[in-house]
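These numbers were taken from a predicted model, which means no experiment stands behind them. Note that these values count all heavy atoms, side chains included, but never hydrogens, waters or copies made by symmetry.
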Amino acid sequence: MLKSINNLFEKRKNYLSKSQDKLAIIKTSFYSFLKNKFGDDIMGFSFVLNYDAKENSLTINTDNKVIANELTLQLLSINSFFKENKIKLNKILIR
């Protein structure tokens with residue numbers, strides 16, 4: 001019984017590790033996209049990225065509605081940029 005509990009914890013630890021690694025890759029790619037698309041104009045705005053590994057989805061939160069709307073307009077560009085960097089997501093939500 002203890003062996004199965006240990007296996008469960010190992011699986012969960014591996015799952016969280018992979019999720020955190022993918023979030024780091026996504027963050028790097030996202031900020032690279034912002035830098036390429038908007039240059040230094042985007043500096044000073046805050047973005048919070050949340051990756052859900054179960055749904056393979058990304059939620060982007062920002063405090064500024066204008067920036068959120070602009071990112072929504074650029075959603076196809078963001079998605080294609082992620083695909084170029086070999087990041088496949090099922091859903092991208094911008095708030």
Side-chain angles (χ1 to χ4, degrees):
M1 180 163 170
L2 290 177
K3 186 175 182 179
S4 65
I5 292 174
N6 189 29
N7 288 339
L8 180 69
F9 285 128
E10 282 296 319
K11 287 180 183 178
R12 183 68 177 161
K13 186 173 87 172
N14 290 337
Y15 173 77
L16 290 174
S17 176
K18 288 178 185 178
S19 177
Q20 289 175 348
D21 290 344
K22 189 158 185 178
L23 179 61
I25 293 168
I26 289 171
K27 280 185 178 182
T28 304
S29 295
F30 178 72
Y31 287 115
S32 176
F33 170 80
L34 291 177
K35 184 78 170 172
N36 289 340
K37 192 70 173 180
F38 302 107
D40 291 332
D41 296 337
I42 204 75
M43 301 305 280
F45 293 104
S46 66
F47 298 96
V48 177
L49 279 69
N50 294 318
Y51 173 69
D52 184 8
K54 286 184 180 179
E55 294 183 17
N56 195 27
S57 66
L58 176 66
T59 304
I60 303 169
N61 292 323
T62 182
D63 296 335
N64 191 320
K65 288 184 181 181
V66 174
I67 298 295
N69 288 336
E70 184 62 33
L71 287 176
T72 303
L73 293 173
Q74 299 294 327
L75 191 57
L76 290 174
S77 299
I78 293 170
N79 193 28
S80 64
F81 190 81
F82 281 147
K83 285 182 180 179
E84 289 172 4
N85 290 311
K86 299 179 181 162
I87 300 169
K88 295 183 182 186
L89 299 169
N90 293 337
K91 181 172 50 171
I92 299 174
L93 180 64
I94 299 172
R95 296 184 182 180

Which residues share a side-chain hydrogen bond (donor to acceptor under 3.5 Å, both in side chains) with Asp63, sequence neighbours left out: Ser46

Minimum side-chain heavy-atom gap Ile25-Asn85 below 4.5 Å: no

Distance in Å, Ile87 CD1 paired with Ile78 CD1, rounded so as to fall on 0.5 Å steps: 12.0 Å

Ser29 to Phe81 - nearest heavy-atom pair and separation: O-CE2, 3.1 Å

Closest contact, heavy atoms only, Ile26 versus Leu89: CD1-CD2, 4.0 Å

Distance (rounded to the nearest 0.5 Å) between Thr62 OG1 and Leu49 CG: 10.0 Å

Crowding at CG, Leu73 (>12 non-hydrogen neighbours, <6.0 Å): yes

Partner residues of Glu70 under the salt bridge (charged side-chain N to carboxylate O under 4.0 Å, His left out) criterion, sequence neighbours left out: none

Rounded distance [0.5 Å steps], CD1 in Ile94 versus CG in Leu58: 8.5 Å

Asn56 vs Tyr51, side-chain contact (heavy atoms from CB on, under 4.5 Å): CA-CA, chis, key distance, verdict: CA-CA 7 Å; Asn56 195 27; Tyr51 173 69; 2.8 Å; yes

Inter- and intrachain pairs under side chain to side chain donor-acceptor pair (under 3.5 Å), touching residues 86-95, at least two apart: Glu55-Lys91

For residues 30-40, please give each side-chain donor-acceptor pair under 3.5 Å, one per line with the distance, not counting sequence neighbours.
residue, atom, partner, partner atom, Å
Tyr31, OH, Phe47, O, 3.4
Lys35, NZ, Asp40, OD1, 2.7
Asn36, ND2, Ser32, O, 3.4
Lys37, NZ, Gln74, OE1, 3.3

Those residues that, when tested against Val48, pass side chain to side chain contact (heavy atoms under 4.5 Å, CB included) (two or more places apart): Asn50, Asn61

Same apolar cluster: Leu75 and Leu71, side chain cutoff 4.5 Å: yes

Rounded distance (nearest 0.5 Å) linking atom CG of Asn64 with atom CZ of Phe45: 5.0 Å

With Asn79 via side chain to side chain contact (heavy atoms under 4.5 Å, CB included) - residues at least two apart: Lys83, Ile92

